[in-house]
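Per chain, numbering begins at 1; letters A, B, ... match sequence-line order. The analysis underlying the following values was restricted to heavy atoms, covering all of them including side chains, and did not include hydrogens, waters or symmetry mates.
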Amino acid sequence: MSRTSVRARSPLPEAEVSPCIPPWADPNQGAVLRASADPIQTLHEEPAEAEVVSHRLMLRAGLVRKLAGGVYSYLPMAIRSLRKIENIIREEMNRAGGQEVLLPALQPSDLWEKTGRWQAYGPELFRLADRHERPFALGPTHEEVITDLVSQLVRSYRQLPFLPYQIQTKFRDERRPRFGILRGREFIMKDAYSFSASEDDARQIYVRMQETYARIFLRLGLEHRMVEADSGLIGGNLSHEFMVMADSGEDTVISCEKCSWASNIEKAPDARVCPHCGASVSSRTAIEVGHVFYLGHKYSAKMETTFLDASGNEIPFFMGCYGIGVSRIMAAAIEQAHDGQGIVWPVPIAPYRTAILPLGPGMAEKPEVLALLASIESLWPDEVYFDDREVRPGIKFQDADLRGFPFQVILGERHVEKGNGEIKIRRTGERVVAPLTEVPSLLSRLAQAPLPEA
RNA sequence: CGGGGCGUGGCGCAGCCUGGUAGCGCACCUGCUUUGGGAGCAGGGAGUCGAAGGUUCAAAUCCUUUCGCCCCGACCA
């Protein structure tokens with residue numbers, strides 16, 4: 001095809017092509033999702049397959065659909081929430097000195113043979129063969145791949161420390177996938193690996209990652225605890241888990257009522273009193289969403305990956321690894337924050353911050369409603385779900401509650417004709433009536449209200 | 001992997017025991033009415049009954065095999 005014909009068919013005017021951001025591509029100009037143009041509907045009835053509340057609500061609210069046991073498609077609303085979770089994690093990992101990479105999910109078996117995990121991982125490891133019958137695995141975790149990679153990249157202690165991380169789909173052929181997204185066979189995870197020249201440095205990074213994780217969960221708007229934990233298959237002798245508190249959690253956290261000590265009950269099954277200060281302990285159920293491990297030489301020694309230290313000696317890397325279950329966080333957030341009407345998203349990870357619900361025929365086209373839509377849109381670009389469907393008010397209320405938008409701007413005849421609008425706060429049910437012109441600034445203030453607890 | 005349960009329009013279910021024209025609610029489409037908490041009436045579309053084999057004049061239904069899904073126990077982000 002000739003150059004001219006391409007230009008002739010281009011929908012964009014030639015004059016606009018420039019290295020700068022043209023006005024029609026202003027990234028700050030967000031998009032409104034109009035409900036009338038959204039094919040994805042909510043479900044009124046409980047899906048029979050779903051037992052736990054997050055799974056039921058995710059199906060009902062149109063967040064996910066199941067393809068096979070433990071394998072789910074993420075629909076647009078879920079992706080919006082996942083991207084927000086990922087971006088908070090990215091910002092905090094970068095702040096902590098991490099560098100994002102993307103490693104292959106498809107991994108040749110020989111790396112796994114080197115660490116002995118081709119056998120040790122057992123049936124949990126998804127295995128397949130290529131056309132030449134060469135064995136591969138679908139990565140359940142990436143210690144082998146990253147250690148191999150870093151050994152090629154780093155030869156000197158001067159290049160350390162190094163803290164690569166990635167956000168990627170992991171594959172684990174669970175004995176028993178269940179609870180929807182909470183325990184899938186395919187799930188999204190952030191995994192980070194630290195490479196240090198000394199044990200001291202490695203432990204410093206371990207502590208920095210503990211702090212980073214605490215910041216992440218605080219920013220996500222989730223009530224959580226850091227607890228002492230077992231290391232399991234990943235290995236090492238020092239590890240902590242990050243737990244999101246939820247009544248339906250599979251894990252039990254015991255924590256001291258006086259000091260800051262807390263542990264997974266698996267790690268301290270017989271603790272009746274705090275081992276640090278002797279005070280009494282209490283227990284709560286929770287969902288594990290993050291895990292940090294100090295690995296030391298576990299992988300670097302087995303894989304014989306070394307660097308040259310300041311005295312010219314070849315020594316193995318001192319390693320740590322740090323995981324966060326991204327997709328699990330989304331489900332755990334719903335487990336933690338929901339009510340009889342549906343999801344109650346924390347503001348930082350809600351698919352849309354606010355819904356706008358014009359009520360009654362023609363209300364969605366009224367100039368004052370469109371003006372308000374535009375001003376909220378400029379306040380919160382790409383954060384507005386505009387329910388312009390021609391359906392009865394009750395359906396809009398039910399859907400907005402089910403989908404859990406933190407705010408609902410309700411525009412009914414009774415208020416709009418007086419120049420007012422109503423804001424409903426999803427979490428508390430509280431309603432505020434204000435002049436239409438003041439609704440955006442009111443929303444802005446409400447969204448900055450302190451987090452419930454952390 | 002051991003134990004229990006279930007596969008019937010997109011979703012929730014009935015029908016199966018005692019074989020005989022596949023049905024109900026929701027959702028969907030058309031029309032009219034309705035519009036602050038899942039509206040009403042009328043009409044309509046949509047299912048090889050998980051799959052394969054067998055018994056029978058005839059199978060969603062009985063028999064055999066198989067696949068899938070959910071729940072309870074040992075693990076994990």
Side-chain angles (χ1 to χ4, degrees), chain A residues 39-52 55-56 59-60 62 65-71 85 89 121-124 139-142 167-192 213 217 229-234 239-244 249-251 264 266 286-293 321-332 340-342 357-364 389-402 408 410-416 421-422 424 429 431 433:
Chain A
I40 294 165
Q41 293 182 306
T42 57
L43 302 176
H44 294 189
E45 284 170 298
E46 298 289 349
E49 68 183 44
E51 196 68 16
V52 296
H55 191 198
R56 286 206 304 268
L59 289 167
R60 286 228 290 137
R65 278 299 163 99
K66 187 178 69 188
L67 176 63
V71 180
I85 295 167
I89 292 171
Y121 223 99
E124 205 121 313
T141 177
H142 281 69
I167 294 173
Q168 185 206 42
T169 299
K170 297 285 193 265
F171 301 88
R172 295 184 189 176
D173 197 355
E174 292 278 343
R175 300 148 195 74
R176 186 172 156 217
R178 61 185 142 164
F179 305 146
I181 297 302
L182 279 171
R183 183 191 296 277
R185 293 193 292 173
E186 180 183 314
F187 58 94
I188 302 169
M189 178 172 163
K190 188 282 304 182
D191 48 323
Y213 275 31
F217 292 111
D230 275 324
S231 303
L233 247 190
I234 308 277
S239 90
H240 287 84
E241 289 168 336
F242 286 78
M243 316 292 276
V244 165
E250 279 191 280
D251 288 288
N264 190 321
E266 291 171 357
I287 300 165
E288 182 194 349
V289 290
H291 204 152
V292 296
F293 302 85
C321 74
Y322 316 91
I324 292 182
V326 175
S327 43
R328 181 180 279 185
I329 283 174
M330 180 167 59
Q341 303 308 304
L357 312 181
L359 306 182
M363 184 61 77
R389 292 176 298 173
E390 299 210 4
V391 296
R392 298 169 66 85
I395 292 178
K396 298 190 183 188
F397 295 142
Q398 299 278 356
D399 278 350
D401 285 349
L402 174 60
Q408 297 169 18
I410 300 167
L411 302 171
E413 195 73 45
R414 68 161 79 141
H415 288 127
V416 172
E422 178 182 7
K424 175 183 164 184
R431 291 161 189 272
V433 177

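- When distances are taken from the side chain of A:L402 to each of B:G38, B:C71, B:C70, the shortest belongs to B:G38.
- With rounding to the nearest 0.5 Å, the separation of CZ in A:R60 from CD in A:E45 is 9.5 Å.
- Environment of CD in A:E390: sparse, with no more than 12 heavy atoms of neighbouring residues, nucleotides or ligands closer than 6.0 Å.
- Regarding A:R176, its CZ atom lies at a distance of 11 Å from the C1' atom of B:G4, rounded to whole Å.
- At the heavy-atom level, A:A68 lies under 4.0 Å from the strands shown only through sugar-phosphate atoms.
- Taking 4.5 Å as the limit, every side-chain heavy atom of A:Q41 sits out of range of all side-chain heavy atoms of A:D399.
- At a threshold of 4.0 angstrom between heavy atoms, the contacts of A:G184 include nucleobase atoms, whether or not backbone atoms are also involved.
- Atom CZ of A:R185 is separated from atom C1' of B:G68 by 11 Å (rounded to the nearest Å).
- Computed from coordinates, the A:E46 CD to B:C13 P distance equals 10 Å when rounded to whole Å.
- At whole-Å resolution of the value, CZ in A:F171 and P in B:A77 are 17 Å apart.
- Side-chain nitrogen and oxygen atoms of A:H44 include none within less than 4.0 Å of the OP1 or OP2 phosphate oxygen of B:G38.
- The partner of B:G47 is absent, by the rule that a Watson-Crick or G-U pair needs both atom distances under 3.5 Å.
- A donor N or O paired with an acceptor N or O is found under 3.5 Å between the base of B:C76 and the side-chain atoms of A:D251.
- Paired with A:E250 under the rule salt bridge (charged side-chain N to carboxylate O under 4.0 Å, His left out), one option of A:R176, A:R183, A:R328 passes, and it is A:R183.
- Atom pair A:I40:CD1 and B:G10:C1' shows a separation of 13 Å (rounding to whole Å applied).
- Base-pair partner of B:G31: B:C41 (Watson-Crick or G-U wobble, both distances under 3.5 Å).
- Side-chain N/O atoms of A:R328 and base N/O atoms of B:C76 include a donor-acceptor pair closer than 3.5 Å.
- Using the Watson-Crick or G-U wobble rule with both distances under 3.5 Å, B:C11 pairs with B:G25.
- The base of B:G10 does not come close enough to the side chain of A:Q41 for any donor and acceptor atom to sit less than 3.5 Å apart.
- Of the listed nucleotides (B:A27, B:C76, B:C71), B:C71 has the atom at the smallest distance from the side chain of A:R178.
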Pick out the pairs of N or O atoms, protein on one side and nucleotides 34-37 of chain B on the other, that lie under 3.5 Å.
{"from": "B:U34", "atom 1": "O2", "to": "A:R392", "atom 2": "NH1", "distance (Å)": "2.9"}
{"from": "B:G36", "atom 1": "O2'", "to": "A:R414", "atom 2": "NH2", "distance (Å)": "2.9"}
{"from": "B:G36", "atom 1": "O6", "to": "A:G412", "atom 2": "N", "distance (Å)": "3.4"}
{"from": "B:G36", "atom 1": "O6", "to": "A:H415", "atom 2": "ND1", "distance (Å)": "3.1"}
{"from": "B:G36", "atom 1": "N1", "to": "A:E422", "atom 2": "OE1", "distance (Å)": "2.7"}
{"from": "B:G36", "atom 1": "N2", "to": "A:E422", "atom 2": "OE1", "distance (Å)": "2.9"}
{"from": "B:G36", "atom 1": "N2", "to": "A:E422", "atom 2": "OE2", "distance (Å)": "3.4"}
{"from": "B:G36", "atom 1": "N2", "to": "A:R431", "atom 2": "NH1", "distance (Å)": "3.4"}
{"from": "B:G37", "atom 1": "O6", "to": "A:R431", "atom 2": "NH2", "distance (Å)": "2.3"}
{"from": "B:G37", "atom 1": "N1", "to": "A:D401", "atom 2": "OD2", "distance (Å)": "3.1"}
{"from": "B:G37", "atom 1": "N2", "to": "A:D401", "atom 2": "OD2", "distance (Å)": "2.5"}

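- In this structure, A:T42 and A:G323 both approach RNA chain B, and ranking their closest nucleotides by distance from the 5' end singles out A:T42.
- To the nearest whole angstrom, the two C1' atoms, one in B:G23 and one in B:G47, are 11 Å apart.
- Residue A:K190 is out of contact with every strand shown, counting any heavy-atom pair closer than 4.0 Å.
- Atom pair A:R183:CZ and B:G73:P shows a separation of 11 Å (rounding to whole Å applied).
- As rounded to whole Å, 15 Å separates atom C1' of B:C69 from atom CZ of A:R65.
- Along RNA chain B, the nucleotide nearest to A:G69 and the one nearest to A:D399 differ in position, and the one closer to the 5' end is contacted by A:D399.
- Closest to the side chain of A:E45, out of B:G38, B:G12, B:A74, is B:G12.
- To the nearest angstrom, P of B:C75 lies 12 Å from CD of A:E174.
- Comparing the P positions of B:U18 and B:C13 gives a spacing of 26 Å, expressed to the nearest Å.
- A 3.5 Å limit on both hydrogen-bonding distances identifies B:G5 as the Watson-Crick or G-U partner of B:C69.
- Checking B:G20 for Watson-Crick or G-U wobble geometry (two distances, each under 3.5 Å) identifies B:C57 as its partner.
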Start with the C-alpha distance between A:E241 and A:Y213, add both sets of side-chain angles, then the distance that settles side chain to side chain contact (heavy atoms under 4.5 Å, CB included), and finish with yes or no. CA-CA 10 Å; A:E241 289 168 336; A:Y213 275 31; over 6 Å; no
